[in-house]
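Each chain gets a letter, A, B and so on, in the order its sequence line appears, and its residues count up from 1. Bear in mind the structure is a predicted one, so any value in this text is a computation, not a measurement. When reading the values below, keep in mind they use all heavy atoms of this one structure, side chains included, and skip hydrogens, waters and symmetry mates.
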Protein chains: 2
Amino acid sequence: MKIGIVGLGLIGASLAGDLRQLGHMVVGTSRQVATCKLAISRGLVDEAGTELDILAEMEAIIICTPIAHIVPTVTQLASLIKPGTLVTDAGSVKGSIVAAATQIWPHFVGGHPMAGKAESGIEAAELGMFQGQPYVITPIKGTVKSSIEQLANLVNALGARLYYATPEEHDQAVAWISHLPVMISGSLISACVANNDPLGLRLAQNLASSGFKDTSRVGGGNPELGLMMAKYNRAEVLRVLAGYQQDLAETVRAIELEDWAGLQLKLEQNQATRTNFLPPTI
Amino acid sequence: MKIGIVGLGLIGASLAGDLRQLGHMVVGTSRQVATCKLAISRGLVDEAGTELDILAEMEAIIICTPIAHIVPTVTQLASLIKPGTLVTDAGSVKGSIVAAATQIWPHFVGGHPMAGKAESGIEAAELGMFQGQPYVITPIKGTVKSSIEQLANLVNALGARLYYATPEEHDQAVAWISHLPVMISGSLISACVANNDPLGLRLAQNLASSGFKDTSRVGGGNPELGLMMAKYNRAEVLRVLAGYQQDLAETVRAIELEDWAGLQLKLEQNQATRTNFLPPTI
């Protein structure tokens, strides 16, 4: 199969490499000539260039650009590619993308490969990154069934765990497990910095160990990603933040009232229910 | 030196093993006969027993019991041990312990070895666990200077990073970097469970990956530890929770107002300042 990848960052370049290994012919595009050259020299793509025109003959195209560029890219592709070509994306928010993209191109199918790491860019790309990781496909009323199947086959070939959800279900779930952690983790850092005098802050910094490190990790990550989550999944992010604030207020109240039995029950439930969020392998 | 260890859990047994390796004669006590036997057979102590009497001839004693038992243990030891014997503890809260213990025994010096791991108990004990980790000593007005020096020498011999702080400074710092993470991390789990219908929860659980895993880790940890933090460091924990809630409310307000420049600045600052909390080796 001839597969085009738009955007050769961490996700695009990793997908390209895996699909090429699976025997597909892969053509990539990037706005940076240097990135195109690197993708070719690292063997992640068969061809690469800065213009979308080179994707005209593709049978499937995966858009791996930042969220803001996904729908405009679908519009550009629509006048270039062959009828029936599967177009999908890798955006981490689906509601604001899928309806618009499907209207432009009926063979569009929303997708979200949920792998990643701290580093970004083609330099961080690696083979097998999606193996065992969730990959969500978000069809809507009107999505062409054969295109859904085409994408599902690619996802399965990557060794990812395939899930189907509506764009709304997806955006709600990722708000809880991906976007909320970034916001609450970030406030751990900023609240600690804002509320301590220099000596107290220095001591806190010296004493911080694995608990602080893990809890603050995603809050201290790429600011651009956090901003995109808030911007493009704003309603859901606000909704889960409100639910979170209410829950934390209950913890505060239990401590204020010295309701130790209530706090203990909550902590025990957290210990018990957390395991349901961990894949068997972790 | 003859060193006694009261309580052979993760911290006590690990300290015992390290101190014995350093050439000290180590005697441990535990309420469990099986734990005493295990400590001896694993070579962590020279002798072990269930009664404090066996510590009568020690030159230094480290109390590694749960927080609630520390001051009562000092009282018991006071009628058994030789004048001038260094007594210290490993409690994670100092304000409620140090003043009371010093009044009972003038050679008491508060201590907090800040190492740990997910597992607990003597089975999890390991040599070298305190190497490179923070170890706080919390003298107060009236603490005997020679006893402080004696403890500092032991801490340095363990290879730990030694810090001095007042009990109040210590409790404030650990509230921010250790106790607050547990509370906010716990609410991530409970809020997600409480605010989703079964299908939504199942999808969230399936999609949860490293971001959720890391941010929820300490909140899903040993409930007893979280309870003790809230109970024995209640005033500080409430104070930092209030500061945290205010900071998170600012994030919510920025998203509500679509103040993307403000949110971006905050996320950028978090990324930049988090590194100050990480020791050079991490």
Between [X] and chain A, with a heavy-atom cut-off of 4.5 Å, which part of the residue counts as in contact: side chain, backbone, both or neither?
X       : result
V240(B) : neither
K266(B) : side chain
Y244(B) : both

Most heavy-atom pairs under 4.5 angstrom with chain A, which of L263(B), V174(B), L238(B)?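 Among L263(B), V174(B), L238(B), the one with the most close pairs to chain A is L238(B).
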Measure the [atom1]-[atom2] distance between [X] and [Y] for me, rounded to the nearest 0.5 Å.
X       : Y       : atom1 : atom2 : result
M228(A) : Q264(B) : CE    : CD    : 7.5 Å
I184(A) : D247(B) : CD1   : CG    : 12.5 Å
L180(B) : C192(A) : CG    : SG    : 8.0 Å
I255(A) : M229(B) : CD1   : CE    : 11.0 Å
Q245(B) : S187(A) : CD    : OG    : 11.0 Å
H179(B) : F212(A) : NE2   : CZ    : 14.0 Å

Can you tell which of [options] has the highest number of heavy-atom pairs within less than 4.5 Å of chain B?
options                            : result
N222(A), N270(A), I189(A), L225(A) : N270(A)
G221(A), G226(A), S178(A)          : G221(A)
R239(A), M183(A), R217(A), E268(A) : R217(A)
G243(A), P181(A), S190(A), A173(A) : S190(A)
L248(A), V218(A), T273(A)          : L248(A)
S216(A), P134(A), A115(A), G211(A) : S216(A)

Under 4.5 Å from any heavy atom of chain B, what part of [X] do you find: side chain, backbone, both or neither?
X       : result
Q172(A) : side chain
E256(A) : both
A249(A) : both
L188(A) : both
R161(A) : side chain

Heavy-atom pair with the smallest gap, counting every atom of [X] and [Y]:
X       : Y       : value
T215(A) : S185(B) : CG2-CB, 4.3 Å
M114(B) : L207(A) : CE-O, 3.6 Å
L203(B) : A165(A) : CD2-CB, 3.8 Å
L227(A) : L267(B) : N-CD1, 3.5 Å
L201(A) : F277(B) : CD1-CZ, 3.9 Å
R274(B) : G220(A) : CD-CA, 3.9 Å

Counting a contact as any heavy-atom pair under 4.5 Å apart, which residues of residues 88-100 of chain A contact chain B?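 None at all.
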Verify the neighbour count for atom CD of E258(B): are there more than 12 heavy atoms of other residues, nucleotides or ligands below 6.0 Å?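 Counting other residues, nucleotides and ligands, CD of E258(B) exceeds 12 neighbours.
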Contact listing (chain A partner; residues 193-200 of chain B; heavy atom under 4.5 Å):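 V193(B), N195(B), N196(B), listed by number.
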